[in-house]
Amino acid sequence: MIQTITTTPFSDQRPGTSGLRKKVSHFQQPHYLENFVQAIFDTQTALKGGTLVVGGDGRYYNRHAVQIILRMAAANGVNRVIVGAGGLLSTPAASAVIRKYQTQGGIILSASHNPGGEDGDFGIKFNSDNGGPAAEQITEAIYARTKTITHYAIVESEEIAIDQPQTTALGEMAIEIIDPVSDYAELMESLFDFNAIRTMLASGTTLRFDAMHAITGPYATEILEGRLGAAPGSVINGIPLPDFGGHHPDPNLAHAKELVEELFSATPPDFGAASDGDGDRNMILGANFFVTPSDSLAVMAANAHLIPAYRNGLSGIARSMPTSCAADRVAAHLGIDHYETPTGWKFFGNLLDSGRATLCGEESFGTSSGHVREKDGLWAVLFWLNILAVRQESVAAIVQQHWQQFGRNFYTRHDYEAVDATTAQQLMTDLEQRLPSLVGTELAGLEVSSADNFSYLDPVDASVSKGQGLRICFSDGSRIIFRLSGTGTVGATLRLYIEKYEPDPQRQSEETQTILQPLITAALELSQLQQRSGRSAPDVIT
Ligand code: VG1
Ligand code: CO
């Protein structure tokens, strides 16, 4: 029944920031998916005789991939596979399930915030037994294997039923189909004060959660409307669709338009939030108010003692390098350590596993804690609701008070998408060469205190990750950062991150883009980004 299929390597299967992401049509090439999956089985030997979790965000090709993975798992001696019904599991739920059932890892099918559908993107990622994205050493080993692969193993089978929770088998391998929501919902109830949130919602606080036609719909409906009693209709776009309704399931001001318009209308709900394709990102809004992800992390850290799960304090706070330094100020105030890691959740794994950090966050709308090993969109929403329930103040009031106490880190990210890859690479190379000569000079009226290509030394396993983004730091705490995205599938995406610290409460209500304009102009002049890319403006500003 086991077939051994002859194959030849593909040269482009190196996982990026978060797994292997390509156009659906690219994945549809014969053997493309199979080669990568076999490389996982060949390198992750604990899966033989072990348990594997499988689930994805429901995008086009998800169901097909689940069938292939189940048949290959059986052929590669996996003992048991746990699958979310319908082949669905949000990324944080997959992480929770890997941990709860102490499995040897999981395969998550998602291209996250990238568009879906037949013409959209697909992705595949391996998570280790800690529930987190595989560390770089592992993704590099999988990549190395894809370059030498000659065969893969798969069993013949009819279509395997995956839509109803039940236990079945494929050959010797047990297949356990589980409800994708219940383990996750139970975990959330153990962390937060659901009674306090329920009372707040019952006494008139209104909320809107935009699932963006993606995976968090069933989770948000069950938790927010079902368990917490939010009014029916509080969750919008709650049915996952294979093409996300033709939209870009990215929870930011540009793509979550419907939600943003409502929160900035004349009669807004008190609280608004959205999550992305696979449920690990979050955007937090108040009535007529947008919370930047960097501020969200800082505010969550400063208020964590109000939440049952974090009542006894945080061990440390970690943020990715381009994330604003707002959380560092909270860590200093709390007297705990803070860490600066490269972009991508995999770099938080060691800090969380070793107990050095409790909260982690990225500027790209990602926050989470040690409860799982992924960023977690709905968790962040519940964290905020729990803060609101205790403090009984508006989102805007809470953030503004935070700025008064800690100062405000004005922050923006400008994305130039689908830029010619060679042009983008050349820009980065040229700029990197000029960095040493910038130190001590003035840019935008500010003194450059340091400039380098960020390199990370992991304090736990002493591994070094180089080339993680060009940063120009100023003596007043301002920063300009250039980085190439590792999740795009067309050309290169250049990200420009700009930050400026403002301690004066009188100046904290000014408009972000205006305050940051001199730094933005300086960054564009220095890099010649617009001339080189032929663009007059960024594609997305967040
Ligand atoms: C982006 C974000 C990064 C995030 C990654 C995966 O990566 O910047 O912070 O961890 O996406 O998120 P990049 O390399 O394109 O900048 V998700 O929600 O796409 O899994
Ligand atoms: Co995501």
Side-chain angles (χ1 to χ4, degrees), residues 14-21 55-59 89-95 108-116 120-127 132-134 136 139 211-212 214-216 219 244 248-252 255-256 274-283 292-294 297 318-324 340-349 360-368 372-380 413-419 424 428 454 465 467-470 481-497 539-540 542:
R14 177 181 239 147
T17 311
S18 183
L20 181 67
R21 292 186 190 175
D57 64 10
R59 68 178 61 223
L89 277 174
S90 76
T91 291
S95 184
I108 301 179
L109 304 165
S110 171
S112 191
H113 57 290
N114 297 16
D121 292 348
F122 188 72
I124 176 166
K125 175 170 88 151
F126 178 69
N127 278 32
E136 265 193 337
T139 56
M212 304 191 83
I215 190 69
T216 40
Y219 295 86
F244 307 122
H248 206 126
D250 199 355
N252 59 35
H255 295 301
S275 192
D276 70 331
D278 63 330
D280 57 0
R281 297 185 177 205
N282 72 92
M283 173 169 67
T292 70
S294 296
L297 174 66
R319 62 164 175 82
S320 67
M321 185 275 281
T323 304
S324 98
E340 184 174 47
T341 60
T343 294
W345 208 261
K346 58 182 174 237
F347 294 103
F348 294 130
C360 304
E362 296 191 277
E363 50 63 43
S364 54
F365 298 84
T367 24
S368 192
V372 286
R373 291 293 181 277
E374 288 278 5
K375 49 194 157 67
D376 190 344
L378 212 40
W379 167 89
R413 185 177 104 183
H414 290 197
D415 293 334
Y416 291 79
E417 294 175 349
V419 174
M428 294 292 281
F454 179 56
S465 301
Q468 298 293 333
L470 306 181
I481 294 157
F482 291 87
R483 213 187 127 256
L484 288 177
S485 157
T487 58
T489 56
V490 183
T493 293
L494 250 168
R495 305 201 194 285
L496 172 60
Y497 313 77
D539 296 277
V540 180
T542 48

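By convention here, the first residue in the shown sequence is residue 1. Both counts, for ligands and for their atoms, begin at 1 and track the order of listing. The structure presented is a predicted model; accordingly, all values stated were derived computationally and were not measured.
Residues forming a side-chain hydrogen bond (donor to acceptor under 3.5 Å, both in side chains) with His414 (at least two apart in sequence, or on another chain): Gln513. Residues satisfying the side-chain hydrogen bond (donor to acceptor under 3.5 Å, both in side chains) test with Arg373, not counting sequence neighbours, are Asp353. For Asp121, the side-chain hydrogen bond (donor to acceptor under 3.5 Å, both in side chains) partners at least two apart in sequence or on another chain are Lys23, Asn114, Thr489.
Near the Co ion (ligand 2), less than 2.8 Å away, sit the protein N, O or S atoms Ser112 OG, Asp276 OD2, Asp278 OD1, Asp280 OD1.
Trp379 is not listed as a side-chain neighbour of Pro92, based on a closest heavy-atom distance of 4.5 Å or more. For the pair Thr17/Thr343, a side-chain contact is recorded, criterion being any heavy-atom separation below 4.5 Å from C-beta on. A heavy-atom distance below 4.5 Å is found between the side chains of Thr91 and Lys125.
In terms of protein heavy-atom proximity, atom 12 (O) of ligand 1 is nearest to Lys375 NZ, 2.8 Å. For atom 10 (O) of ligand 1, the closest non-hydrogen atom on the protein side is Glu362 OE1, 2.7 Å. In terms of protein heavy atoms, atom 20 (O) of ligand 1 is closest to Arg21 NH2, 3.0 Å. Nearest protein heavy-atom contact of atom 7 (O) of ligand 1 is Thr487 CG2, 3.5 Å.
Below 3.5 Å of separation, one finds no N or O of Thr343 facing any N or O of ligand 1. For Leu484, no nitrogen or oxygen atom sits less than 3.5 Å from a nitrogen or oxygen atom of ligand 1, counting backbone and side chain alike.
Close contacts between ligand 1 and Gly486 involve ligand atoms 13 (P), 14 (O), 15 (O) [criterion: under 4.0 Å to a heavy atom]. Residue Arg495 approaches ligand 1 through these ligand atoms, each under 4.0 Å from one of its heavy atoms: 8 (O), 13 (P), 15 (O), 16 (O). Heavy-atom proximity to Ser112, at under 4.0 Å, picks out these atoms of ligand 1: 17 (V), 18 (O), 19 (O), 20 (O). Close contacts between ligand 1 and Arg483 involve ligand atoms 13 (P), 14 (O), 16 (O) [criterion: under 4.0 Å to a heavy atom]. Of all the atoms in ligand 1, the ones that sit under 4.0 Å from a non-hydrogen atom of Asp276 are 18 (O). Atoms of ligand 1 lying under 4.0 Å from at least one heavy atom of Gly344, given by number and element, are 10 (O).
From Arg483, atom CZ reaches atom OH of Tyr497 across 4.0 Å, with rounding to the nearest 0.5 Å. The distance from atom CG of Leu470 to atom CD1 of Ile481, rounded to the nearest 0.5 Å, is 10.0 Å. With rounding to the nearest 0.5 angstrom, the OG atom of Ser485 is 8.0 Å from the CG atom of Asp415. Separating the CZ atom in Arg495 from the CD atom in Glu363 is a distance of 7.5 Å, to the nearest 0.5 Å.
When the heavy-atom distances from atom 5 (C) of ligand 1 to Glu374, Arg281, Arg413 are ranked, the shortest goes to Arg281. Compare Ser364, Gly361, Gly469, Gly366 by their heavy atoms: the one nearest to atom 9 (O) of ligand 1 is in Ser364.
The backbone N or O of Ser90 sits less than 3.5 Å from a side-chain atom of Tyr219, completing a donor-acceptor pair. Put simply, the side chain of Glu362 gets close to the backbone of Gly344: a donor and an acceptor are under 3.5 Å apart.
Counted by atom type alone, Ser275 and Asn282 present zero donor-acceptor pairs between their side chains at under 3.5 Å.
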